[in-house]
Each structure stands twice: as structure tokens, then as C-alpha cells.
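Please find one structure pasted underneath; my questions will follow.
The residues of the chain are indexed from 1 along the displayed sequence. From a predicted model like this one, the values you see are computed outputs, not experimental measurements.
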Amino acid sequence: MTKLTEYKQLLSKNYDKAVEFLLKKHGTAEDDYFSGKSYERFLKGEIKNITKGNFSRSDDGLECHHVDEDKFLNISNRNSIKDFTTGQNVPFESHKKERLVFCDVIEHAILHILIAKETSLVFGFTGYMCYLQPKIQEWYIDKNIPQKSKHHITCYHKAYIKPEEAFELLEIMDNILFIENEKNQQEKKEIENEEKIKKEIESLKKLEKLKAEEFYSTYPKFKILDINYDVKRQQVLALLFKFNDQYNSFIKFQPAMKKYSMDELLKKLHSVVK
């Protein structure tokens with residue numbers, strides 16, 4: 001199986017299955033991302049930096065990914081770990097070796113795409129767009145072999161694919177994000193429309209209530225008889241006919257009532273009902 005095919009297959013999995021696959025492929029971490037004691041002291045404000053554990057596999061060309069990056073933004077960033085805005089700190093459990101998975105740079109990008117897809121771009125998106133996508137573009141499409149360190153060179157060779165393959169993969173991944181963004185925009189519009197309709201319905205209900213209150217204030221007897229403010233003229237005529245002693249035919253009664261407005265008919269009806 002070619003690397004490109006394997007990457008495509010990984011991209012077709014859901015996030016949990018992809019993590020499971022990579023754990024089997026690259027093995028588990030031997031140490032936590034941070035020292036537990038150092039992490040606790042940092043949260044208490046006793047130190048400004050957190051001591052990292054001996055987890056790195058960069059000599060093997062692998063990067064480390066936190067499994068819980070589908071729940072926290074910038075999970076290993078000091079400012080995100082201790083969130084002064086919400087008061088919700090990233091728990092140390094998310095940095096334990098059991099919650100770490102190793103991957104090459106393209107597998108890392110795929111994990112972020114899967115997270116973004118499953119969280120409606122809330123998580124994973126920034127890491128892909130700001131860090132991983134540009135790195136794949138620079139290394140494999142623009143052919144700028146990293147010279148920063150031995151680790152970078154090792155990582156470059158670990159995930160090496162041809163420029164046309166890298167271009168194809170990035171196009172697939174970018175398209176997944178585009179589709180997800182379009183879906184989010186559509187859902188946002190639908191929610192906005194639903195809220196607009198709800199507000200319109202609430203306004204109509206309030207208007208109907210005001211009309212009913214005004215109607216029954218003018219014609220209190222109608223409330224008992226369940227005659228509503230939107231009663232039709234024909235209904236009022238039918239009720240008035242029952243109380244009249246001049247006409248014995250509704251056909252003759254109707255023309256005689258044409259000269260009266262709706263308000264006049266309502267007043268007549270209200271005056272005769274008990």
C-alpha cells in the first residue's frame with residue numbers, strides 16, 4: 001500500500017478510529033506530556049513554566065498529538081491550560097501518556113481535519129490552518145527541505161510524499177473544511193431564520209392578546225359566549241337574527257343589516273345577548 005493510499009484511508013475514518021489506528025501503528029507514549037508535580041505547581045501559580053515529560057519521539061520523525069484536542073484549544077499552551085477568563089483549567093489527565101498519540105506530520109494534519117469535521121470547526125481547525133497545512137505546503141509542494149534541526153529533517157523524511165501527492169491530499173483536506181464551513185453557514189442561517197420566525201410568532205401572539213383584551217373590554221359579554229375579536233360579519237348576523245322579532249327569514253334579514261357597520265352590528269349584538 002502506498003503512503004498516499006494509507007493517508008486517504010486514515011482520512012476516511014472517524015477521529016476515534018484514526019487515533020486507535022495510529023496507536024497500533026506507532027505505539028504508545030512512555031511518559032506524560034508534563035510532569036505532574038510541575039503541572040500542579042503551575043496551576044497554583046507557584047511557577048511560570050511547566051516541566052515537560054520524556055515523551056518525545058522526534059528522533060523517529062514523529063510528532064505528539066493530544067487525544068483531547070477535540071475538547072480543548074491550544075491544549076499545551078500555558079495561557080490555555082490555566083484559563084483566567086472562564087476559570088476552567090485543562091485537567092492533567094489530558095496530558096497523561098494514555099492521552100497521547102504519535103503521528104507523522106501528514107497524519108497529524110489528518111487528525112486535525114477529523115476533529116474539525118466532527119466538532120463543526122470549533123476544534124482542530126486553527127492547528128491545521130496555522131501550523132500543519134503551511135508546513136506540508138512548504139515541505140512537500142514548495143520543496144523547501146527544513147534545515148532548522150535534525151528533528152525537522154527526520155520528520156520531513158518520515159512523511160515524505162511527492163509534490164503532486166501532497167497537493168492532492170491538501171486539496172482533499174481543504175475541501176472537507178470548505179464543505180464543513182458551508183454546512184455551518186447554512187445551519188447558522190437556518191437557526192437565524194428559526195429565531196426570526198419565533199420572534200414573529202411571539203409578536204403576533206402579543207398582538208392577538210392585545211386585540212382580544214381590547215375587544216372583551218368593549219364587549220365583556222362576548223367572552224362568556226366565546227365570541228372572538230376576529231368574528232366574521234356573517235356569524236354576527238346569524239346571532240342577531242336569533243334575537244330579532246321583525247324578520248322571520250334570514251334572506252330578508254341580511255339586506256336590512258347592510259347599512260350597519262361591523263362595529264354597529266357588534267354593539268347591537270352585545271346589547272341583546274344575556
| message | My understanding is that only residues two or more places apart in sequence, or in another chain, count here; which of them pass side-chain contact (heavy atoms from CB on, under 4.5 Å) with Ser35? | response | Lys37, Ser38, Thr51

| message | So Val273 and Leu239, do their side chains get closer than 4.5 Å, heavy atoms only? | response | no

Tell me which donor-acceptor pairs under 3.5 Å the side chains of residues 193-214 have, and how far apart each pair is, sequence neighbours excluded?
residue: Asn193; atom: ND2; partner: Lys189; partner atom: O; Å: 3.3
residue: Ser203; atom: OG; partner: Lys199; partner atom: O; Å: 3.0

| query | Should the heavy atoms of other residues, nucleotides or ligands under 6.0 Å from CD of Glu164 be counted, would the total exceed 12? | reply | yes

| Check: Glu107/His26 side-chain N/O donor and acceptor closer than 3.5 Å | yes

| request: Could I get the full list of ring pair (Phe, Tyr, Trp, His ring centres under 6.0 Å) partners for Tyr219, not counting sequence neighbours? | output: Phe215, Phe222, His270

| Hey, are the side chains of Pro91 and Phe72 touching, using non-hydrogen atoms and a 4.5 Å cut-off? | yes

| message | Which heavy atom of Arg233 sits nearest to which heavy atom of Ser261, and what is that distance? | response | NH1-C, 3.9 Å

Side-chain polar contacts of residues 129-140 - donor-acceptor pairs under 3.5 angstrom, sequence neighbours left out - could you list them?
residue: Tyr131; atom: OH; partner: Lys135; partner atom: NZ; Å: 2.6
residue: Gln133; atom: NE2; partner: Asp174; partner atom: OD2; Å: 3.3
residue: Lys135; atom: NZ; partner: Glu63; partner atom: OE2; Å: 2.7
residue: Gln137; atom: NE2; partner: Asp142; partner atom: OD1; Å: 3.1
residue: Tyr140; atom: OH; partner: Tyr156; partner atom: O; Å: 2.7

| query | With distance as the sole test, does Lys52 use its side chain to make a donor-acceptor pair with the main-chain N or O of Phe34 at under 3.5 Å? | reply | no

| query | What residues, two or more places apart in sequence or in another chain, satisfy salt bridge (charged side-chain N to carboxylate O under 4.0 Å, His left out) together with Asp31? | reply | none

| said: Within the supplied structure, the quantity of interest is the number of heavy atoms (other residues, nucleotides, ligands) at a distance under 6.0 Å from Asp230 CG; does it exceed 12? | reply: yes

| field | Point-to-point distance, once rounded to the nearest 0.5 Å, from CG of Leu177 to CD1 of Ile179 | value | 9.5 Å

| message | With a 4.5 Å cut-off on side-chain heavy atoms, are His95 and Ile81 touching? | response | yes

| request: Show the numbers, then the answer: is there a salt bridge (Lys or Arg N to Asp or Glu O under 4.0 Å) between Glu264 and Lys268? | output: CA-CA 6 Å; Glu264 289 172 326; Lys268 281 179 174 292; over 6 Å; no

| said: Does either side chain, that of Tyr160 or that of Asp104, offer a donor lying less than 3.5 Å from an acceptor on the other one? | reply: no

| query | Sequence neighbours excluded, which residues qualify as salt bridge (charged side-chain N to carboxylate O under 4.0 Å, His left out) partners of Glu69? | reply | none

| message | What I'd like to find out is whether the side chain of Asn181 reaches to under 4.5 Å of the side chain of Phe178, using heavy atoms alone. | response | no

| field | Side chain proximity check, Val105 to Cys155, heavy atoms < 4.5 angstrom | value | no

| said: Applying ring pair (Phe, Tyr, Trp, His ring centres under 6.0 Å), can you list everything that pairs with Phe125, at least two apart in sequence or on another chain? | reply: none

| Excluding sequence neighbours, so at least two apart, what forms side-chain contact (heavy atoms from CB on, under 4.5 Å) with Leu4? | Thr2, Lys8, Glu165, Glu168, Leu169

| message | Going by ring pair (Phe, Tyr, Trp, His ring centres under 6.0 Å), name the residues that satisfy it together with Phe42, two or more places apart in sequence or in a different chain. | response | none

| query | Would you find more than 12 non-hydrogen atoms of other residues, nucleotides or ligands less than 6.0 Å from Lys17 atom NZ? | reply | no

| field | Pairs meeting criterion side chain to side chain donor-acceptor pair (under 3.5 Å) with involvement of residues 53-62, two or more places apart | value | Ser56-Ser58, Arg57-Asp60, Ser58-His151, Asp59-His151

| request: Using a strict cut-off of less than 4.0 Å between a Lys/Arg side-chain nitrogen and an Asp/Glu carboxylate oxygen, indicate whether Lys97 and Asp32 qualify as a salt bridge. | output: no

| said: List the residues meeting ring pair (Phe, Tyr, Trp, His ring centres under 6.0 Å) with Tyr33, not counting sequence neighbours, and say none if there are none. | reply: Phe55, His66

| remark: Residues passing the side-chain contact (heavy atoms from CB on, under 4.5 Å) test with Ser217, sequence neighbours excluded, are none

| With a 4.0 Å cut-off, would you call Glu6 and Lys3 a salt bridge? | no

| field | Exercise: do Asn89 and Tyr39 side chains pair donor with acceptor under 3.5 Å | value | no

| task | Flag yes if more than 12 heavy atoms outside Lys252 fall under 6.0 Å of its NZ atom; otherwise flag no. | result | no

